[in-house]
Amino acid sequence: MGYFSADCLACGHPLLCEWVTNTINAWMTAGVAVTESGSVLKGRYDGYGALISPRGERFEDAVGMTDTSVWHEACWTANGAPTDYRGPSRPSADQGFFFDDGDHALPEPRVVPVDGSRPGVLITYAQLASWTGRELTESDLARITDALPHSSIPDAIGEIASALEGS
């Protein structure tokens, strides 16, 4: 059997094996599969359906061959690390292998720390790109992450939270 993959429930892009990634999408090799019985399987995708854990455990048929809910680990984390089964992920049209440069050139989603110690509000790449009106580089994302705590955004969130208390 040849290469195949499944699309991430969050971003819609396939899990990728390391042979087809570059700097911008290397994070797409780390995957999470949630089974119908609630098992959470995590590891690097091999391109043939298996996730390989950091300890070398091989979870055969975790991606694309069974009815698992598949996520990129970064997307899964950014979405609160859900452990509930959400139905089968759709098979990737390009098999996670046969695609043009740029098709999956998506920077890694990040959870922006609110107070520097723990994750808080998620600002997705798509939201940031929409607000800036352009594609963002890794350098842009790092600068935005550093600048957010010193911007007017924390004050705006404080005002929103205060308004919620009165409702």
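These values consider heavy atoms only, across backbone and side chains, with no hydrogens, waters or symmetry-generated copies.
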[atom1] of [X] to [atom2] of [Y]: how many Å apart, nearest 0.5 Å?
X	Y	atom1	atom2	result
Asn79	Cys8	CG	SG	7.5 Å
Thr29	Trp19	OG1	CH2	10.0 Å
Asp94	Ser92	CG	OG	6.0 Å

What's the shortest heavy-atom distance between [X] and [Y], and which atoms?
X	Y	value
Thr21	Ala26	CB-CA, 3.8 Å
Gly12	Arg90	O-NH2, 3.7 Å
Ser89	Ala6	CB-CB, 4.0 Å
Ser5	Tyr45	CA-OH, 3.7 Å

Would you confirm whether [X], through its side chain, and [Y], through its main-chain N or O, come within 3.5 Å as a donor-acceptor pair?
X	Y	result
Asp46	Gly49	yes
Asn25	Asn22	yes
Tyr48	Asp61	no

Hphob cluster co-occupancy, [X] + [Y], side-chain heavy atoms under 4.5 angstrom:
X	Y	value
Val32	Ile52	no
Leu51	Val34	no
Trp71	Val40	yes
Leu9	Leu15	no
Trp27	Val20	yes

(message) Ignoring hydrogens and geometry beyond distance, is a side-chain donor-acceptor pair present between Asp140 and Thr137 at under 3.5 Å?
(response) yes
Is there a side-chain contact between [X] and [Y] (heavy atoms, below 4.5 Å)?
X	Y	answer
Pro91	Phe4	no
Thr68	Val63	no
Pro14	Asp7	yes
Leu41	Thr35	yes
Phe59	Lys42	no

(message) So, applying side chain to side chain contact (heavy atoms under 4.5 Å, CB included) with Met28, which one of Glu73, Glu108, His13 is it?
(response)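 Result for side chain to side chain contact (heavy atoms under 4.5 Å, CB included) with Met28: His13.
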(message) Strictly below 4.0 Å, N to O, side chains only: are Arg86 and Asp84 in salt-bridge contact?
(response)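 So Arg86 pairs with Asp84 through a salt bridge.
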